*Asks:* 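Before anything else, here's the structure in question.
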2 protein chains.
Amino acid sequence: MKHDVVQLLTGRAIQPSAHRVAVAQYVLSTEDHPSAERVWESVKARFPMISRATVYNTLNLFVEKGLLRELHLSPDSVVFDPNTDPHHHLIDEETGSIHDISWDRVKVAAIANVDGYEIHDYQVVMRGTKK
Amino acid sequence: MKHDVVQLLTGRAIQPSAHRVAVAQYVLSTEDHPSAERVWESVKARFPMISRATVYNTLNLFVEKGLLRELHLSPDSVVFDPNTDPHHHLIDEETGSIHDISWDRVKVAAIANVDGYEIHDYQVVMRGTKK
DNA sequence: GTTCGTGCAAACGGTTTGCAACAAT
DNA sequence: ATTGTTGCAAACCGTTTGCACGAAC
């Protein structure tokens, strides 16, 4: 597992420092969509000396290198999504938690040729509550 | 026009103070999706004495009363949408500008019964560039 | 004279940045 | 020696808040 992460980093031209590996291990294996602050807390459990700045820099680097995606769904903070394949999102209106919805669970038609724009990317953002 | 705005405010139990009317006139008539800062700048042109805090408070009040919607599509700032009917959004990846896409321009199917959640609301968020 | 809107400035919170120290090669 | 990573603290910026003033009814 640690091995896989190192490969993932080097495969994207990211030097696999200890801190980066620790961040990657956490953020790539969680089902959550953690904020930077949350990543920091989790990684600190095993690397108490890691600084907030390093976590922020590392996450930004990962986004830049395509290992993670940033989501801007809430005003509170940016969250990170280890799932870089196309998919949709469901936001629990009570808890604020974000759930992935697989691409084929939702059918979207007639996206092309909107307003003379070329669409590079789209997703459905849903809000709801557990029933 | 000013008359309409006053009616809109009173109809939502908002006291139509001069500042609130000025904010409403601007934000309800623009095609843009302005940030609070942008609203402030625009309103200041005619009401130079209006304070930032008042603009923020006013916009939040309008959202609370259902006159506006907040959009959290960019990490930079919250923007406000005078169009409270269901519709989709297209974000210009170059300029960051946000465009409304009418509800029936996009067909979304099979939204119901996702993960035991009840969906209250959804929209398609697209990103692209002018071609 | 109580209620409500407003301005100001300070506080806040998430994020970025400058800089000095350090590690790796 | 050079290059790249890290920690710290300060800066930053959008937004909220406390408080005192002032207007309206």
Side-chain angles (χ1 to χ4, degrees), chain A residues 5-6 9-10 12-27 32-44 46-65 67-81 96 98, chain B residues 5-6 9-10 12-27 32-44 46-65 67-81 96 98:
Chain A
V5 165
V6 170
L9 297 186
T10 53
R12 305 241 178 199
I14 302 168
Q15 289 200 27
S17 75
H19 287 168
R20 287 172 178 171
V21 170
V23 169
Q25 271 181 35
Y26 171 69
V27 82
D32 278 0
H33 297 73
S35 65
E37 208 70 16
R38 229 173 121 57
V39 173
W40 186 44
E41 280 161 23
S42 296
V43 174
K44 254 196 313 188
R46 286 182 306 144
F47 278 71
M49 66 294 294
I50 195 172
S51 80
R52 210 190 313 249
T54 297
V55 171
Y56 275 94
N57 291 335
T58 300
L59 290 169
N60 287 339
L61 177 67
F62 287 0
V63 169
E64 206 176 292
K65 298 294 188 180
L67 215 56
L68 292 178
R69 246 182 213 187
E70 284 184 351
L71 299 180
H72 313 299
L73 300 175
S74 120
D76 298 336
S77 63
V78 175
V79 300
F80 297 89
D81 192 340
I98 300 168
Chain B
V5 166
V6 171
L9 296 187
T10 52
R12 305 245 178 196
I14 302 168
Q15 290 200 28
S17 74
H19 287 169
R20 286 172 178 171
V21 170
V23 170
Q25 271 182 33
Y26 170 69
V27 81
D32 277 359
H33 297 75
S35 66
E37 207 71 14
R38 229 173 120 57
V39 173
W40 187 44
E41 279 161 24
S42 296
V43 174
K44 253 195 316 189
R46 285 183 306 144
F47 278 70
M49 66 294 293
I50 195 171
S51 79
R52 209 190 314 250
T54 298
V55 171
Y56 276 93
N57 291 335
T58 301
L59 290 169
N60 287 339
L61 178 66
F62 287 179
V63 169
E64 206 177 293
K65 299 293 190 181
L67 215 54
L68 291 179
R69 245 181 214 187
E70 285 184 350
L71 299 181
H72 314 298
L73 298 176
S74 120
D76 298 337
S77 63
V78 175
V79 300
F80 297 89
D81 192 341
I98 299 168

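The chains referred to below are lettered A, B, ... by the order of the sequence lines, with proteins before strands, and numbering in each begins at 1. The structure displayed is predicted, hence computed values, not measured ones.
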*Asks:* If you only use heavy atoms from C-beta on, which nucleotide in D:dT15, C:dG7, D:dG7 is closest to the side chain of B:Thr54?
*Replies:* C:dG7

*Asks:* Return the value, rounded to whole Å, for the distance between atom CZ of A:Phe47 and atom P of D:dT5.
*Replies:* 16 Å

*Asks:* Can you tell me the distance, in whole Å, between the NE2 atom of A:His19 and the C1' atom of D:dG7?
*Replies:* 9 Å

*Asks:* With respect to the phosphate group of D:dT16, does any side-chain polar atom (N or O) of B:Asn60 fall under 4.0 Å of OP1 or OP2?
*Replies:* yes

*Asks:* OP1 or OP2 of C:dT6 less than 4.0 angstrom from a side-chain nitrogen or oxygen of B:Ser17, does that happen here?
*Replies:* yes

*Asks:* Find the distance A:Lys44:NZ to D:dG7:P and express it as a whole number of Å.
*Replies:* 12 Å

*Asks:* Can you figure out which of D:dT6, D:dC8, C:dG5 approaches the side chain of A:Ala53 most closely?
*Replies:* D:dC8

*Asks:* D:dG14, OP1 or OP2 - any side-chain N/O from B:Ser77 closer than 4.0 Å?
*Replies:* no

*Asks:* Which of these nucleotides, C:dG14, C:dT6, D:dT15, is closest to any side-chain atom of B:Ala36?
*Replies:* D:dT15

*Asks:* A:Ile14 has an atom CD1; how far is it from atom P of D:dT3, in whole Å?
*Replies:* 21 Å

*Asks:* When all nucleic acid strands are considered with a 4.0 Å heavy-atom cut-off, which category describes A:Asn57: base, sugar-phosphate, or nothing?
*Replies:* base

*Asks:* A:His33 pairs by side chain to side chain contact (heavy atoms under 4.5 Å, CB included) with which of A:Leu73, A:Val78, A:Val27, A:Asp81?
*Replies:* A:Asp81

*Asks:* Within the structure shown, what part of the strands sits under 4.0 Å from B:Arg52 by heavy-atom distance: base, sugar-phosphate, or nothing?
*Replies:* base

*Asks:* Main chain of B:Arg38, side chain of B:Ser42: is a donor-acceptor contact present, judged purely on distance under 3.5 Å?
*Replies:* yes

*Asks:* Would you kindly give the CG-to-C1' distance between A:Leu71 and C:dT15, to the nearest whole Å?
*Replies:* 17 Å

*Asks:* Could you please name the option among D:dT6, D:dG7, C:dG7 that lies closest to any side-chain atom of A:Arg20?
*Replies:* D:dT6

*Asks:* Once you round it to whole Å, what is the distance between P of D:dC13 and CD of B:Glu41?
*Replies:* 14 Å

*Asks:* On a heavy-atom basis, which atom in B:Trp40 and which in B:Arg52 lie closest, and how many Å separate them?
*Replies:* NE1-N, 3.4 Å

*Asks:* For D:dT16, does OP1 or OP2 lie under 4.0 Å from any side-chain N or O of B:Tyr56?
*Replies:* no

*Asks:* Of the non-hydrogen atoms in A:Phe80 and A:Ala36, which two are nearest, and what is the gap between them?
*Replies:* CE1-N, 3.9 Å

*Asks:* Looking only at heavy atoms, what is the nearest atom pair of A:His19 and A:Met49, with distance?
*Replies:* NE2-CG, 4.3 Å

*Asks:* Distance check needed: C:dC4 P versus B:Leu61 CG, whole Å only.
*Replies:* 12 Å

*Asks:* Tell me: CE of A:Met49 to C1' of D:dC8, nearest whole Å?
*Replies:* 15 Å

